[in-house]
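Please see the structure below; I have some questions.
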Amino acid sequence: MSAPAPAVPGQVLNGHNRISTQALTSLAKAAAASEFGVDAQDVRADWADDDGLLALSLVTPIRIPPLQAAMEPGRIDLVGGSIWQRTVQAKARILATVTELSGASLSRVDIRISGARISEGGRVQ
């Protein structure tokens, strides 16, 4: 019997690692839920092949202030901007989070807002 090869930092070992689709989906849903202030169970995530990279498609509600409060001057800026602005900003952050934590190569993140959850106070994100 031979001794196992020593583990040296940075050493490349034969074999492969795989992250299941379920694990990637859970990670994507958690990242989106964090960005939009909703529960991960309310987020739907689907994957597609985009010329060898992964394209992530999300359908999620978003947390917003009550409409009367949203009409107060400056309130929209306090909650992170309009729904459109928050969604555009979230795309880059979700892509970075999923890429960093999983090591997967994502080409893009597409987001469809499916509804709104009313937040009664403080910051919505």
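Just so you know, residue 1 is the first one in the sequence shown, and it goes up from there. Treat the numbers as computed from the prediction; the structure is a model and nothing was measured.
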Practice task
Kindly work out whether a path of hydrophobic side-chain contacts (I/L/V/M/F/W/Y, heavy atoms less than 4.5 Å apart) joins L95 to V98.
Solution key: yes

Practice task
Quick one: pull up CZ in R86 and CZ in R63 and give me the separation to the nearest 0.5 Å.
Solution key: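 Reported to 0.5 Å precision, the distance equals 9.5 Å.
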
Handout entry: Linked, directly or transitively: V109 and L101 (ILVMFWY side chains, under 4.5 Å)
Key =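 In one cluster with V109: L101, yes.
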
Exercise for the section: Considering non-hydrogen atoms only, spot the tightest contact between V59 and S114 and give its length. Expected result: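 Where V59 meets S114 most closely, the heavy atoms are CG1-CB, 3.7 Å.
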
Problem - 4.5 Å side-chain heavy-atom contact, L58 and R44 - result: no

Exercise for the section: Look up atom OG1 in T87 and atom CD1 in I62, then write down how far apart they are to the nearest 0.5 Å. Expected result: 4.5 Å

Exercise for the section: Using modelled atom types only, decide if a donor and an acceptor are shared between the side chain of D49 and the backbone of G52 within a distance under 3.5 Å. Expected result: yes

Exercise for the section: Measure the CD1-CG distance between I111 and L56 for me, rounded to the nearest 0.5 Å. Expected result: 8.0 Å

Handout entry: Salt bridge D110-R112, side-chain N to carboxylate O under 4.0 Å
Key = no

Exercise for the section: Give, for atom CG of L54 and atom OG of S107, the distance between the pair rounded to the nearest 0.5 Å. Expected result: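 So the gap between those two atoms works out to 7.5 Å.
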
Exercise for the section: Could you check if a side-chain atom of P65 sits within less than 4.5 angstrom of a side-chain atom of S119, using non-hydrogen atoms only? Expected result: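 Counting from C-beta outward, P65 and S119 never come under 4.5 Å.
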
Practice task
Output yes when R117 and D39 qualify as a salt bridge under the 4.0 Å nitrogen-oxygen rule, no when they do not.
Solution key: no

Exercise for the section: Using modelled atom types only, decide if a donor and an acceptor are shared between the side chain of E100 and the backbone of T97 within a distance under 3.5 Å. Expected result: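 Answer holds: no.
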
Exercise for the section: Taking the side chain as every heavy atom from C-beta outward, state whether D42 and F36 have any atom pair closer than 4.5 Å. Expected result: no

Exercise for the section: Check whether any side-chain heavy atom of I94 sits under 4.5 Å from a side-chain heavy atom of Q89, and report yes or no. Expected result: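 Result no, sub-4.5 Å side-chain heavy-atom pair not found.
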
Exercise for the section: Can you see which heavy atom on L53 is nearest to which on S105, and at what distance? Expected result: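 Of all heavy-atom pairs spanning L53 and S105, the closest is CD2-CB, 3.4 Å.
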
Problem - Co-membership, hydrophobic cluster, residues I118 and V43, 4.5 Å side-chain - result: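 Yes, I118 and V43 fall within the same hydrophobic cluster.
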
Donor-acceptor contacts under 3.5 Å from residues 24-31 side chains, at least two apart:
from : atom 1 : to  : atom 2 : distance (Å)
T25  : OG1    : T21 : O      : 2.8
T25  : OG1    : W47 : NE1    : 3.0
S26  : OG     : Q22 : O      : 3.1

